[in-house]
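Working notes for the structure below.
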Amino acid sequence: QVRFVESGGDFVQPGESLRLSCTASGFTLDYYAIGWFRQVPGKEREGVSAISTSDDSTIYADSVKGRFTISRGDDKYTVYLQMNSLKPEDTATYYCAAGRITIASMSRSGGLLARFMDYWGKGTLVSVSS
């Protein structure tokens, strides 16, 4: 059974940092992209970043480039999203997801699209407010 354990969401002030964690289990991670998406009520789910389990290549949404960094843990089944210089517009529920697609294919086919993901976590809330 595919399962994600997400953590790290919190209430912070603008300019502060958070690190989200996602630990995956229940499937073989070869040739997957694992990423983070976010969603606010009334809006579509937006891709934030993803990393390849094969070569650690990455992709970022323009809105987070230079502020967020995605990485994998030593156990290969944990993915982190380091979020620095947080802004109020980063407020959302953040979902961990995995899809059997390469980062190169995502880049050629429209980027961080939710339809590329096969498995989803339940989400963790990030709230940025003064």
Side-chain angles (χ1 to χ4, degrees):
Q1 181 181 357
V2 175
R3 185 167 177 252
F4 296 99
V5 177
E6 300 147 310
S7 63
D10 205 344
F11 297 84
V12 296
Q13 294 188 346
E16 293 187 340
S17 299
L18 281 175
R19 189 175 80 158
L20 304 183
S21 298
C22 169
T23 299
S25 63
F27 63 107
T28 301
L29 281 178
D30 294 341
Y31 308 110
Y32 272 84
I34 298 183
W36 291 93
F37 291 72
R38 65 188 182 187
Q39 189 171 24
V40 297
K43 292 190 175 182
E44 290 188 0
R45 195 163 292 188
E46 173 193 24
V48 176
S49 182
I51 186 167
S52 167
T53 61
S54 299
D55 61 10
D56 285 337
S57 56
T58 59
I59 184 171
Y60 293 91
D62 288 343
S63 59
V64 305
K65 281 180 182 176
R67 299 189 299 123
F68 291 10
T69 303
I70 193 167
S71 61
R72 291 204 297 155
D74 291 339
D75 65 0
K76 304 296 185 184
Y77 286 84
T78 300
V79 174
Y80 302 103
L81 185 68
Q82 178 67 42
M83 305 187 296
N84 298 329
S85 303
L86 282 161
K87 304 176 181 180
E89 51 263 43
D90 295 318
T91 295
T93 298
Y94 283 69
Y95 297 89
C96 185
R100 195 169 178 88
I101 185 170
T102 66
I103 299 299
S105 294
M106 293 177 75
S107 299
R108 290 193 300 266
S109 305
L112 286 153
L113 301 179
R115 63 183 175 87
F116 292 146
M117 299 291 111
D118 301 308
Y119 306 109
W120 292 89
K122 294 184 178 181
T124 184
L125 178 63
V126 172
S127 179
V128 185
S129 175
S130 55

With sequence neighbours left out, what residues match Asp118 under salt bridge (charged side-chain N to carboxylate O under 4.0 Å, His left out)?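 None.
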For Asp74, which residues count as a salt bridge (charged side-chain N to carboxylate O under 4.0 Å, His left out) partner, sequence neighbours excluded?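 In terms of salt bridge (charged side-chain N to carboxylate O under 4.0 Å, His left out), with neighbours along the sequence ignored, Asp74 is linked to no residue.
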Mind checking whether [X] and [Y] have side chains closer than 4.5 Å, heavy atoms only?
X      : Y      : result
Ser107 : Ile59  : yes
Met83  : Tyr94  : yes
Phe116 : Ser109 : yes

Non-hydrogen atoms of [X] and [Y] that approach each other most closely:
X      : Y      : result
Ser17  : Gln82  : CB-NE2, 3.9 Å
Ile103 : Ala33  : CD1-CB, 4.1 Å
Ser49  : Ile70  : OG-CG2, 3.2 Å
Glu6   : Lys122 : OE1-N, 2.9 Å
Gly9   : Leu20  : N-CD2, 3.6 Å

Check: [Y] main-chain N/O paired with [X] side-chain donor or acceptor under 3.5 Å:
X     : Y      : answer
Gln1  : Gly26  : no
Thr53 : Tyr32  : yes
Thr91 : Val128 : yes

Under the side-chain contact (heavy atoms from CB on, under 4.5 Å) test, residues paired with [X] that sit two or more places apart:
X     : result
Val2  : Phe4, Phe27, Tyr119
Thr23 : Thr78
Ser71 : Tyr80

Phe37: which residues meet the ring pair (Phe, Tyr, Trp, His ring centres under 6.0 Å) condition with it, sequence neighbours left out?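 Phe37: ring pair (Phe, Tyr, Trp, His ring centres under 6.0 Å) contacts with Trp120.
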In this structure, would [X] and [Y] fall into the same cluster of hydrophobic residues linked by side-chain contacts under 4.5 Å?
X     : Y      : answer
Tyr60 : Ile101 : no
Val12 : Phe68  : yes
Ile51 : Leu112 : no
Val79 : Val64  : yes
Tyr95 : Val48  : no

Which residue pairs satisfy the salt bridge (Lys or Arg N to Asp or Glu O under 4.0 Å) criterion with at least one member in [range], sequence neighbours excluded?
range           : result
residues 51-65  : Asp56-Arg72, Asp62-Lys65
residues 95-117 : none
residues 78-92  : Arg38-Asp90, Arg67-Asp90
residues 7-25   : none

Rounded to the nearest 0.5 Å, what's the gap from OG1 on Thr124 to CG on Leu18? Could you check?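 The CG atom of Leu18 is 9.0 Å from OG1 of Thr124, to the nearest 0.5 Å.
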Could you name each residue pair satisfying disulfide bond (SG atoms under 2.5 Å apart) that touches residues 51-129, not counting sequence neighbours?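 Qualifying pairs, neighbours excluded: Cys22-Cys96.
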side-chain hydrogen bond (donor to acceptor under 3.5 Å, both in side chains) with Thr69: which residues, sequence neighbours excluded?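 Thr69: no side-chain hydrogen bond (donor to acceptor under 3.5 Å, both in side chains) contacts found.
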